[in-house]
**Student:** 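The following block contains the structure, expressed as structure tokens.
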Amino acid sequence: MPELSKQSRHILLLAIIGLTGAVALPWYVVPSGFWAFAWMGQLVEARGAPLFIQALLHGRWQLLPIGLCLLVAIIEVFRAGGPRGTAIAAAGGVGLLWMFAQGLLIGLRGWNASLFEQAFGPIAAQTGFGVGAVICGSALLLIFSSGLALNGLMRGDGFLVSAIAVVASCIGVFVFYPVFLVLIESAITPEGSYSLAALVARVFSADVGQVALNSLTLGIATGLATTLLGLGLALLHKRTNFRAKGLLRLLAILPIITPPFVIGLGIILLFGRNGVATWLMSELFGIPPSRWIYGFFGLLLVQTLAFAPIAYLVIIGVVEGISPSMEEASQTLRANRWQTFANVTWPLMRPGLANAFLIGFVESLADFGNPLVLGGNYDVLSTDIFFAIVGSQNDPGRAAALSIALLALTLSAFYLQRRWLGRRSYTTIAGKGDSGLPAKLPDGVRRLIYMTAVPWLAFTVLLYGIILIGGFVKSLGIDNTLTFQHYITAFGVEWTERGLQWTGRAWPSFFTTIGVSAIAAPFTAAIGLLTAYLLNRQRFIGQSTFEFITMLSFAIPGTVIGVSYILAFNVPPIEITGTGLILVICFVFRNMPVSIRAGIAAMSQIDRSLDECSLMLRHGSFATIRRVILPLLRPAIIASLVYAFVRAITSVSAVIFLVSAKYNLATAYIVGRVEVSDFGVAIAYSSVLIVFMLMAIGAIQLGVGEQRRANRGIQPMAVRGSIA
Amino acid sequence: MKIVSRSAAVRLDDVTKAFDKTVAVDAVTLDIEAGTLVTLLGPSGCGKTTTLRMIAGLETQTSGHVLIGGKDVTLLPPNERDVSMVFQSYALFPHMSVIENVSYGLRQSQLSRTAQREKAREGLTMVGLEGYDDRLPSELSGGQQQRVAVARALVLEPQVLLFDEPLSNLDAKLRRRMREEIRDLQQTLGLTSVYVTHDQEEALAVSDKIVVMNMGRIAQVGTPHDLYERPADAFVADFIGSANLIPGSIKKRDEKNKSITIDLGNLSVEVPDRGYEGSEIYLVVRPSGVSLDAKGSKAASLPAKVEKATYLGSHWEYTITTANSSMFVIQPTHKKFKPGARVFATLDPDHITVVRRG
Ligand SMILES: Nc1ncnc2c1ncn2[C@@H]1O[C@H](COP(=O)(O)OP(=O)(O)O)[C@@H](O)[C@H]1O
Ligand SMILES: [Mg+2]
């Protein structure tokens with residue numbers, strides 16, 4: 001037997017793992033769940049059999065080529081003269097394509113298209129891919145990558161080729177395939193065939209148009225309002241002697257840890273028909289209670305409150321990026337404060353403001369929780385999509401059409417952002433270590449800022465206060481007696497003879513949320529950082545396409561993802577709705593962009609010559625990542641983990657489509673309570689979530705802070721040299 | 001655990017590198033003999049770093065071949081080529097101690113952990129850094145960091161050692177000392193080294209051979225002497241040791257004495273003929289190859305006017321204008337002239353060469 005090279009051994013190992021999956025593990029989803037291991041007794045039965053038994057005993061001959069491709073790869077490994085890259089890549093690629101093609105063509109009722117039925121006769125129906133299929137598929141994908149590497153792609157670095165292939169296929173399967181199905185869904189004609197005319201008719205119907213116009217109006221108004229407020233806050237922070245800057249910093253993390261509809265809840269408690277403020281106004285000024293908050297103005301108010309902190313974060317980066325020396329230069333050139341502000345500061349901020357506007361616009365469009373609790377008669381796209389799916393309408397075609405309209409709006413915003421800002425929008429603009437004192441604001445501007453930003457800050461504080469207090473009174477505004485009843489209902493525990501009993505009704509969803517988020521977080525961080533590494537550190541063919549695709553997945557609103565997951569993963573070949581897995585996957589791909597951003601920002605701080613040097617010192621890319629990049633990236637990894645965890649806990653829009661009785665999530669549970677006007681429990685639960693996440697973030701930040709202090713000595717080295 | 005050298009020759013064969021539209025390195029062919037130090041010298045942006053990185057394997061050439069020790073390594077990634085590199089920024093790993101940095105490259109070798117350490121210590125001894133094992137890079141001075149970077153490259157006993165502007169982050173005094181140390185190490189171990197710099201003095205001081213590059217192409221290859229005395233063109237003449245280029249034309253070729261007579265308008269000079277083509281040339285006059293005098297004859301010298309005079313302690317620097325050109329000259333301290341003074345510039349034929357014009 002010839003001595004095998006390292007690459008050959010790698011391919012052999014992959015093929016053997018794939019074959020093990022094909023021989024020993026159930027090919028299809030097992031109803032009782034994989035971890036119940038009931039399938040071990042059913043390995044020859046149609047439901048639990050692995051690939052080869054399915055093919056030989058159950059008439060599923062279409063699976064056989066998948067196994068054969070794995071065998072071909074093994075034979076090729078032992079070829080005299082070593083394996084040929086093209087042959088290995090072909091074995092992997094053909095196997096994988098075949099696997100998906102047969103999965104898409106043959107479904108729960110046999111052939112999906114009657115064309116094939118006529119040609120090949122009837123065929124045994126099949127359900128979604130199971131563990132065996134996943135292992136086979138992964139092995140084939142990696143074999144395909146190894147083949148390409150053998151052919152010299154990425155200079156033969158198998159790890160890099162595999163990483164690109166894995167990230168690209170994941171994004172393909174879990175972002176683009178579902179969204180593509182949305183397009184298909186809206187093109188279904190009443191007779192059941194597909195036509196472009198049906199798509200156009202649906203998307204451009206008057207009804208969809210009106211809803212889209214509503215969303216657009218709200219988005220533009222929110223974008224303007226958040227940008228102005230964010231600008232005011234940023235200037236307040238950076239250009240005035242405002243005292244309570246700690247409050248501003250707290251404010252900046254609030255939107256991260258607040259489930260999106262909580263602001264809406266607070267507003268209802270204040271201005272709803274039974275709200276505290278409504279009551280005060282009718283008592284003091286005789287203004288009769290009305291339902292004005294349930295509509296455009298209520299939504300605008302709520303979204304401005306909810307998203308202004310994001311604008312503030314974006315703009316503060318811009319304000320910091322303006323070197324004070326430029327303003328000083330302007331002043332030495334005999335310009336007064338107004339001229340300096342108007343001719344230097346303002347133009348330098350303009351692109352950042354455009355960016356903040358677009359972010360506010362997109363956030364407003366994608367916002368789901370607030371319109372759900374406050375929308376009233378003002379229909380917007382995100383909630384209408386939801387009602388089209390879950391309501392009595394049950395009209396996937398309409399949901400798809402609305403999704404397309406929403407997607408078109410967010411993608412346009414995304415396109416504009418790219419046009420205006422180029423690639424800069426990807427990385428955060430770090431404050432430059434430039435000395436000098438920033439110019440004083442003109443008095444008029446400063447007064448305006450104080451007059452808007454400070455009341456607004458006070459209002460936010462009041463709102464959060466109401467939410468925290470609201471859980472402790474019977475029914476805020478109606479019956480203000482103190483009670484722990486809501487907390488007991490939601491989070492009661494009892495000590496019985498059978499031990500501790502989690503009697504509270506919120507516990508199941510709480511534990512599921514924590515569990516699913518905790519499982520999703522490391523995967524999110526891993527795939528996000530890997531993508532960031534590929535984008536930031538490597539050059540490869542098709543990179544700009546790759547980058548564009550990952551960027552594009554940022555722009556897809558959660559509601560659209562939710563709908564598309566329902567459409568895509570309710571039927572074979574990937575049949576995972578109703579499981580906890582779909583929640584994990586949804587979280588991973590929803591939150592991956594944040595992780596990519598954090599990764600890219602952190603990696604741009606690490607001098608590229610460190611990687612190159614490691615490479616010169618005989619380390620391949622994988623060893624370099626492990627020994628150099630990851631250790632230096634530790635703060636970014638921790639930050640990514642925390643964000644992925646926290647954002648998973650607070651997200652609503654996508655997962656509300658995907659929760660099930662068995663796997664319910666905290667936010668979905670709260671929304672359910674709000675819908676039946678059980679505000680007490682909803683508020684109590686929201687407060688618990690906010691406090692829980694505040695503690696989680698606080699603990700982590702303390703940890704990271706400690707570490708940073710310990711490592712302070714080594715920080716500058718990583719950054720230095722990139723200038724030369 | 002002695003550190004030995006396994007030097008090998010390097011050959012670039014018609015290597016081109018294009019970034020999108022800019023051609024950074026244009027059809028470069030170059031032979032580097034084993035055991036020699038060759039400098040790539042040229043102005044910023046001329047393609048030196050790119051050339052070096054192609055030898056390292058960090059940059060993939062658009063076309064052409066790279067051979068190390070006679071073996072074609074064109075398609076090999078950096079970690080599979082037997083080369084080491086000292087980076088301009090040193091690229092020390094900030095999270096590893098000095099000894100971990102130096103033994104980093106050995107971790108992928110067959111050596112045992114203790115052997116790796118021992119070898120790394122040997123490397124540190126060679127660069128004069130015993131006892132610094134457990135320091136972090138941030139706790140070292142610039143010069144010490146530089147030494148660690150050199151030791152880290154040395155312990156791998158590479159076939160070729162590459163330096164990319166290794167001294168540019170050091171102050172002037174340290175720069176002089178480090179370049180001598182690098183040259184000593186290179187000669188003691190007989191290392192094949194490729195050294196990139198834009199500083200012609202540094203290049204002249206350390207090199208066996210200098211490759212002058214301009215706009216992605218090789219302008220001239222030669223020993224420091226060759227380049228100074230016989231520059232191939234006006235660019236090299238000016239880049240190495242700065243020169244006054246005076247346009248002139250060849251009036252007469254003397255086949256027997258192998259000399260040419262050059263017409264500078266009102267003055268003729270005779271220089272050795274090295275086979276120049278055409279008749280339009282530049283006379284290359286080094287700043288120290290001119291002597292200024294208050295009196296002189298029109299037949300043997302150029303009348304000139306002093307435009308600018310700068311006193312630099314050890315000598316004077318003058319800018320003078322003659323009838324058709326302006327020159328920069330260096331004079332000993334006793335030759336003192338005021339700006340505006342009329343002088344006579346006598347050219348020293350031994351310090352004059354001729355290069356093509358156009
Ligand atoms: N990664 C790159 N992308 C695009 N152009 C580059 C890149 N690296 C170098 N260049 C260009 O190639 C030319 C040569 O660069 P370089 O080899 O770094 O010059 P030197 O080291 O001689 O200063 C320059 O014009 C530079 O702008
Ligand atoms: Mg350079």
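Note that the structure is a prediction, hence the values are computed from the model and not measured. Here is how names work: the chains are called A, B, and so on, in the same order as the sequence lines, proteins then strands, and each is numbered from 1. When reading the values below, keep in mind they use all heavy atoms of this one structure, side chains included, and skip hydrogens, waters and symmetry mates.
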**Student:** Taking all heavy atoms of L617(A) and all of L156(B), pick out the closest pair and write down the distance.
**Tutor:**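 Minimum heavy-atom separation between L617(A) and L156(B): CD2-CD1, 3.5 Å.
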**Student:** Is it true that a side-chain atom of H619(A) and a backbone atom of R107(B) form a donor plus acceptor pair closer than 3.5 Å?
**Tutor:** no
**Student:** Can you measure from CE (M96(B)) to CG (L632(A)) and round to the nearest 0.5 angstrom?
**Tutor:**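 Taking CE in M96(B) and CG in L632(A), the distance rounds to 8.0 Å.
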**Student:** Counting C-beta onward and ignoring hydrogens, is there a side-chain heavy-atom pair between R608(A) and S89(B) closer than 4.5 Å?
**Tutor:**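 No, their side chains stay 4.5 Å or more apart.
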**Student:** For F19(B), does the CZ atom sit with more than 12 other heavy atoms under 6.0 Å from it, leaving out its own atoms?
**Tutor:** yes
**Student:** Name the option with the most non-hydrogen atom pairs under 4.5 Å to chain B; the candidates are S614(A), G156(A), G152(A).
**Tutor:** S614(A)
**Student:** Using side-chain heavy atoms (C-beta onward) and a distance below 4.5 Å, is V83(B) in contact with M616(A)?
**Tutor:**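 V83(B) reaches M616(A) side chain to side chain.
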**Student:** How long is the gap from CG on D607(A) to CZ on F93(B), to the nearest 0.5 Å?
**Tutor:**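 Those atoms lie 10.5 Å apart.
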**Student:** Provide the closest heavy-atom pair for V628(A) versus Y104(B) in the form atom of the first, atom of the second, distance.
**Tutor:** CG2-OH, 3.4 Å
**Student:** Any ion pair linking R53(B) and E612(A) (charged N to carboxylate O, less than 4.0 Å)?
**Tutor:** yes
**Student:** If you draw a 6.0 Å radius around CZ in F546(A), do more than 12 non-hydrogen atoms from other residues or ligands fall strictly inside?
**Tutor:**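 Yes - once you tally the heavy atoms of other residues, nucleotides and ligands closer than 6.0 Å, there are more than 12.
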**Student:** Which bit of S621(A) comes within less than 4.5 Å of chain B, counting heavy atoms only: side chain, backbone, both or neither?
**Tutor:**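 Neither part, no heavy atoms under 4.5 Å.
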**Student:** Of the non-hydrogen atoms in Q108(B) and R618(A), which two are nearest, and what is the gap between them?
**Tutor:** CG-O, 3.4 Å
**Student:** Atom CD in Q88(B), atom OG in S609(A): separation rounded to 0.5 Å?
**Tutor:** 9.0 Å
**Student:** I'd like to check P78(B) versus R155(A) (side-chain heavy atoms, cut-off strictly below 4.5 Å). Are they in contact?
**Tutor:**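 Yes - at least one pair of side-chain heavy atoms lies under 4.5 Å apart.
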**Student:** Work out which heavy atom in P94(B) is nearest to a heavy atom in L610(A); give both atom names and the distance.
**Tutor:** CD-CD1, 3.9 Å
**Student:** Are there more than 12 heavy atoms of other residues, nucleotides or ligands under 6.0 Å from atom CZ of F540(A)?
**Tutor:**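 Count over threshold, so yes.
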**Student:** Less than 4.5 Å to any heavy atom of chain A: does that hold for the side chain of F87(B), its backbone, both, or neither?
**Tutor:**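 Contact with chain A is through the side chain of F87(B) alone.
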**Student:** Which distance, rounded to the nearest 0.5 Å, do you find between the CG of N79(B) and the CG of D157(A)?
**Tutor:**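 If I round to the nearest 0.5 Å, the distance is 7.5 Å.
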**Student:** L76(B) versus chain A, heavy atoms under 4.5 Å apart: side chain, backbone, both or neither?
**Tutor:**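 Backbone only.
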